[in-house]
Amino acid sequence: MKLTVVIKNGTDKVYESFNFNESATSGDQQTDKVFDSAKGIELPTAKILPGKSLTYNVAYGYTPGQDFTLTVNSMDRFDRADGIYSGKL
């Protein structure tokens, strides 16, 4: 399952995109992250300037028909809520 993540920097400081982490579940099981640079699925490494956004792709295994949940969080800002997508695929 390939998904697009958009991170917007709403601060007045440059933000390092490698500070973001994603995890996913399919049904009641944690699922593995897939990396495939030939298909544009890599860790983000760009700096995000104040007021700007970064769009990148992630991919995870999943079981068709099961609920799928993707959680995106900031590893250096624990005061911010996680971004969560949840739905049936």
Side-chain angles (χ1 to χ4, degrees):
M1 162 64 54
K2 180 178 172 181
L3 301 157
T4 300
V5 174
V6 179
I7 300 170
K8 181 171 182 178
N9 182 353
T11 72
D12 60 355
K13 297 183 172 116
V14 174
Y15 195 80
E16 299 285 349
S17 62
F18 64 79
N19 284 322
F20 279 91
N21 182 51
E22 309 89 23
S23 60
T25 59
S26 179
D28 62 356
Q29 299 290 315
Q30 184 157 339
T31 184
D32 293 330
K33 190 171 189 175
V34 176
F35 295 96
D36 188 342
S37 59
K39 293 185 179 178
I41 302 169
E42 301 174 316
L43 290 174
T45 58
K47 295 179 187 280
I48 309 169
L49 299 176
K52 300 294 184 181
S53 298
L54 175 68
T55 301
Y56 65 97
N57 295 313
V58 296
Y60 285 88
Y62 76 100
T63 303
Q66 295 289 316
D67 288 333
F68 179 84
T69 302
L70 174 72
T71 303
V72 180
N73 59 29
S74 175
M75 295 187 296
D76 70 338
R77 293 290 307 266
F78 299 105
D79 59 332
R80 296 189 185 261
D82 294 343
I84 299 175
Y85 164 84
S86 186
K88 194 170 288 262
L89 302 175

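Small disclaimer: the values here were computed from a predicted structure and weren't measured.
Atoms CG and CG, on L70 and L3 in that order, are 6.0 Å from each other to the nearest 0.5 Å. Residue I48 holds its CD1 atom at 9.0 Å from CD of E16, rounded to the nearest 0.5 Å. Atoms CG and CG, on D12 and L49 in that order, are 12.5 Å from each other to the nearest 0.5 Å. To the nearest 0.5 angstrom, I84 atom CD1 is 4.5 Å from T71 atom OG1.
A donor-acceptor pair under 3.5 Å is absent between the side-chain atoms of T69 and the main chain of T25, judged by distance alone.
When side chains are defined from C-beta on, F35 counts as touching L43, because their heavy atoms get closer than 4.5 Å. Between P50 and V14 the shortest side-chain heavy-atom distance falls below 4.5 Å.
Note on residues 27-44: pairs passing side-chain hydrogen bond (donor to acceptor under 3.5 Å, both in side chains), not counting sequence neighbours, are E22-K33.
Hydrophobic clustering keeps I41 apart from V5 (ILVMFWY residues linked when any side-chain heavy atoms are closer than 4.5 Å, directly or through intermediates).
Between F68 and Y85, the ring planes are tilted. Angles from 30° to 60° get that label.
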Can you check side-chain hydrogen bond (donor to acceptor under 3.5 Å, both in side chains) on Y15 and S74, steps first, answer last?
-> CA-CA 10 Å; Y15 195 80; S74 175; 2.5 Å; yes
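Here the closest non-hydrogen pair linking S26 and G61 is CB-O, 4.5 Å. In terms of heavy-atom proximity, P44 sits nearest to S17 at C-OG, 3.3 Å.
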